[in-house]
Asker: 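Let me give you the structure first, and then I'll get to my questions.
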Amino acid sequence: MREQSGFSPAGPIPAGLSRSSLHDALQDPVLESISFLNEIMDRYPQSISFAPGAPNAGLFEHLDLNAYLERYTAYLREQRGMTRAQVAKHLYQYGPSQGQINALLAQALRMDERIDVADDAIVVTVGCQEALLLILRALCTGPDSLLAVVDPCFAGIAGAARVLDVPMVAINETSDGIDFDQLEQACRAARAAGRRVRALYVAPDYSNPSGTILSLNARERLLALAERADFLVLEDNAYGFTATPEAALPTLKSLDRATRVIYLGTCAKICLPGVRVGFAVADQIVTDAQGRTRLLAQELAALKSMVTVNTSPICQAIVGGMLLEHGGSMRALANDKGALYRRNLGHLLDALDRHLPPEAAQRLNVSWNRPAGGFFVRMRLPVRADAALLDDCARRYGVLWTPMSFFHLGHAGDHELRLSCSYLTPQQIDEGVARLARFLHDPRVTGHAA
Ligand SMILES: Cc1ncc(COP(=O)(O)O)c(C=O)c1O
């Protein structure tokens, strides 16, 4: 006989929840897209996948995390004068919400990017993703605070906005950056409706997903518009390290004379994603009702104390050790990684040229951009690059990519796909492009005979 428990004479009533009773963010099409991609990779494990933007596994082969921890603890003892007990506390206990490697990050930003900010203008976060969430939570106070997003955009920013119910306005990307007229118009329209564009999210250096770079002129124009229309710029610099020193443009933050820019960094690509360390530089002055001031980074740290409390001290120590091992410079730390990704990107573009020479590309009505850095190439097809086409491509030709529509806020990008070069070897890139070219030559796909 069934034992009775709880208040129901018939026994416990399981809490069967309907999906629609949960937050709308769980219905976000981005989540479906991510699980679809994972599922398709599992279904066709022999495929060559241009889908993941994850770092190259070869970079981790000789990582010695203990050595980095030792390097950092030696620094704490020798340069920060800590005792053994203080070092143990620093590493093993809860830590300050604002972070522990802020001084090292501030030094690296001065050295590498000519971004000159105080240590407490930085908050160290659990990946860049947490920084995005904290910033949106702090800036966007209700349905009248809008986030403008350069579209297509990194799924992480759209996801964070949806989790927090922050309304977004899509601003089209152009070949050298942003549709400024549209942005200005969006700010004006928001004001006319009693709302406000609080911030614009942009990745000016080889954006994810399209590899676009903002020209110097566009950077200056954006900063001037941010001042005029009174919004902040969220500058995500995840891929700037892949630029050659000659091609690198100054970051928006280094050009920012009016503290309009919040700069976002991630250690996922230049150290390792497993540490989950990122940071935000937020040197904007916040004044309270009594006229007392703090920096926005300190406010973000206060929010963080209610979210993840603090970023793992051990993970910060690994990043700190890596920086110290490279003379305190993020650029020096990123040098070999940047070179590897440029090599892979070069292989990808060469392979596309070889397997889809201009006459073939023209006949098939296929084209792609040619970024000089970053992980991504964006390709345009004469047919819809959707989930069904991807499934067909994986099943019959053993190659995977990401539909660009996954990165658009609206219904754009449905004839485009994203190819990522970061995760593969040069041999896999070549074979993958050969398969992709065979797929595109298939008359069933593009409607053209080979
Ligand atoms: C544009 C952009 N920002 C940030 C990140 C990394 O964020 P996190 O530090 O949370 O891993 C990525 C990774 O894919 C990215 O593409």
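For reference, positions follow the sequence shown, starting with 1. What's counted below: heavy atoms across the whole structure, side chains too, no hydrogens, waters or symmetry copies.
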Asker: Is there a donor-acceptor pair under 3.5 Å between the side chain of T212 and the backbone N or O of Y206?
Answerer: no

Asker: Thinking salt bridges, do E130 and K304 make one under a 4.0 Å N-O criterion?
Answerer: yes

Asker: If we only count heavy atoms from C-beta on, is the I285 to T259 side-chain gap below 4.5 Å?
Answerer: no

Asker: Please check: side-chain N/O of R435 versus main-chain N/O of G398, any donor-acceptor pairing under 3.5 Å?
Answerer: yes

Asker: Between E299 (side chain only) and L296 (backbone N and O only), is there a donor and an acceptor less than 3.5 Å apart?
Answerer: no

Asker: Could you check R219 against D205 for salt bridge (Lys or Arg N to Asp or Glu O under 4.0 Å), going step by step and ending with a plain yes or no?
Answerer: CA-CA 11 Å; R219 287 170 202 238; D205 294 286; 2.9 Å; yes

Asker: Say you draw a straight line from CZ of F375 to OG1 of T242; how long is it, rounded to the nearest 0.5 Å?
Answerer: 7.0 Å

Asker: So, E78 side chain and Y75 main chain: donor-acceptor pair closer than 3.5 Å or not?
Answerer: no

Asker: State plainly whether the residues D120 and R294 are in salt-bridge range, i.e. N to O under 4.0 Å.
Answerer: no

Asker: What is the distance from atom CD of E39 to atom OH of Y44, rounded to the nearest 0.5 Å?
Answerer: 9.5 Å

Asker: Work out which heavy atom in A280 is nearest to a heavy atom in A131; give both atom names and the distance.
Answerer: CB-CB, 4.1 Å

Asker: Ignoring hydrogens and geometry beyond distance, is a side-chain donor-acceptor pair present between Y397 and D392 at under 3.5 Å?
Answerer: no

Asker: Is a side-chain donor or acceptor of Q316 paired with a backbone partner of Q100 at a separation under 3.5 angstrom?
Answerer: yes

Asker: Among side-chain atoms of T251 and E113, is any donor-acceptor pair under 3.5 angstrom?
Answerer: no

Asker: Evaluate N335 against H326 for side chain to side chain donor-acceptor pair (under 3.5 Å), listing each step before the verdict.
Answerer: CA-CA 10 Å; N335 237 344; H326 292 83; over 6 Å; no

Asker: Checking side-chain polar atoms at under 3.5 Å, does N208 have a donor or acceptor matched by the opposite partner on R418?
Answerer: yes

Asker: Evaluate the criterion side-chain contact (heavy atoms from CB on, under 4.5 Å) for residue pair V307 and L133; output intermediate values, then yes/no.
Answerer: CA-CA 10 Å; V307 183; L133 273 164; over 6 Å; no

Asker: Can you name the closest pair of heavy atoms from V166 and S145 and give their distance?
Answerer: CG1-O, 4.1 Å

Asker: Regarding Y201 and D236, is there a side-chain donor-to-acceptor distance under 3.5 Å anywhere?
Answerer: yes

Asker: Are the side chains of L295 and V286 in touch, meaning some heavy atoms are under 4.5 Å apart?
Answerer: no

Asker: Return yes when atom CZ of R370 has more than 12 non-hydrogen atoms of other residues, nucleotides or ligands closer than 6.0 Å, and no otherwise.
Answerer: yes

Asker: Testing the basics here: between C128 and T266, what is the closest heavy-atom pair and its distance to 0.1 Å?
Answerer: CB-CB, 3.9 Å

Asker: Has R114 got more than 12 heavy atoms of other residues, nucleotides or ligands less than 6.0 Å from its CZ?
Answerer: no

Asker: Mind checking side-chain hydrogen bond (donor to acceptor under 3.5 Å, both in side chains) for S20 and listing every partner two or more places apart, or none if nothing turns up?
Answerer: S18

Asker: Kindly compute the distance separating CG (L232) from CZ (R198), expressed to the nearest 0.5 Å.
Answerer: 6.5 Å

Asker: Less than 3.5 Å apart, any donor N or O on the side chain of H408 or D414 sitting next to an acceptor on the other?
Answerer: no

Asker: Can you measure from CZ (R396) to CG (D391) and round to the nearest 0.5 angstrom?
Answerer: 10.5 Å

Asker: V277 versus T311: any side-chain heavy-atom pair under 4.5 Å?
Answerer: yes

Asker: Using a strict cut-off of less than 4.0 Å between a Lys/Arg side-chain nitrogen and an Asp/Glu carboxylate oxygen, indicate whether R71 and E325 qualify as a salt bridge.
Answerer: yes

Asker: Rounded to the nearest 0.5 Å, what separates atom CG in L139 from atom CG in L146?
Answerer: 12.5 Å

Asker: Between N172 and V150, does the side-chain contact (heavy atoms from CB on, under 4.5 Å) criterion hold? Intermediate values first, please.
Answerer: CA-CA 6 Å; N172 291 335; V150 177; over 6 Å; no

Asker: State, without any angle test, whether N56 and Y341 hold a side-chain donor-acceptor pair at a distance under 3.5 Å.
Answerer: no

Asker: So do the side chains of F50 and V433 get within less than 4.5 Å of each other, counting heavy atoms only?
Answerer: yes

Asker: Which pair of non-hydrogen atoms, one from R378 and one from E173, has the smallest distance, and what is that distance?
Answerer: NH1-OE1, 3.0 Å

Asker: If you count the non-hydrogen atoms of other residues, nucleotides and ligands that lie under 6.0 Å from CG in L22, is the total more than 12?
Answerer: yes

Asker: Could you report the tightest heavy-atom contact between S420 and P52, atom names first, then the distance?
Answerer: OG-O, 2.9 Å

Asker: Would you sort out whether Y68 and L63 count as a side-chain contact (heavy atoms from CB on, under 4.5 Å), showing the intermediate values?
Answerer: CA-CA 9 Å; Y68 294 126; L63 268 187; 3.8 Å; yes

Asker: Would you mind checking if R343 and D336 are paired as a salt bridge, meaning a charged N to carboxylate O distance below 4.0 Å?
Answerer: no

Asker: Would a distance-only check, ignoring hydrogens and angles, find a side-chain to backbone donor-acceptor pair under 3.5 Å from K253 to V261?
Answerer: yes

Asker: Does the N310 side chain pair with the main chain of P96, one donor and one acceptor, at a distance under 3.5 Å?
Answerer: no

Asker: Can you see which heavy atom on L300 is nearest to which on A282, and at what distance?
Answerer: CD1-CB, 4.0 Å

Asker: Could you tell me whether a side-chain N or O of S21 sits under 3.5 Å from a main-chain N or O of L17, the two making a donor and an acceptor?
Answerer: no

Asker: Is there side-chain contact between P55 and F60, with heavy atoms separated by less than 4.5 Å?
Answerer: yes

Asker: Salt bridge or not between R354 and D430? Use side-chain N to carboxylate O under 4.0 Å.
Answerer: yes

Asker: Is any side-chain heavy atom of R162 less than 4.5 Å from a side-chain heavy atom of V30?
Answerer: yes

Asker: So, do F376 and P209 sit near enough that their side-chain heavy atoms are less than 4.5 Å apart?
Answerer: no

Asker: To the closest 0.5 Å, what do you measure between CD (E32) and CG (L26)?
Answerer: 11.0 Å

Asker: Parallel under 30°, tilted from 30 to 60°, perpendicular over 60°: which one fits the rings of F439 and W401?
Answerer: tilted

Asker: Tell me, do P152 and S210 make a side-chain contact under 4.5 Å, heavy atoms counted?
Answerer: yes

Asker: Identify, with sequence neighbours excluded, every residue that meets side-chain hydrogen bond (donor to acceptor under 3.5 Å, both in side chains) alongside S329.
Answerer: D112

Asker: Any salt bridge linking E227 with R260? Criterion: basic side-chain nitrogen under 4.0 Å from a carboxylate oxygen.
Answerer: no

Asker: If you measure only the distance, is there a donor-acceptor pair under 3.5 Å linking the side chains of E70 and T73?
Answerer: no

Asker: For the pair L136 and L234, evaluate side-chain contact (heavy atoms from CB on, under 4.5 Å) and give the outcome as yes or no after the intermediate values.
Answerer: CA-CA 10 Å; L136 293 187; L234 313 184; 4.3 Å; yes

Asker: Between D283 and A121, is there a donor-acceptor pair closer than 3.5 Å when you use the side chain of the first and the backbone of the second?
Answerer: no

Asker: Checking E235 side chain against L252 main chain: does a donor-acceptor pair fall under 3.5 Å?
Answerer: yes

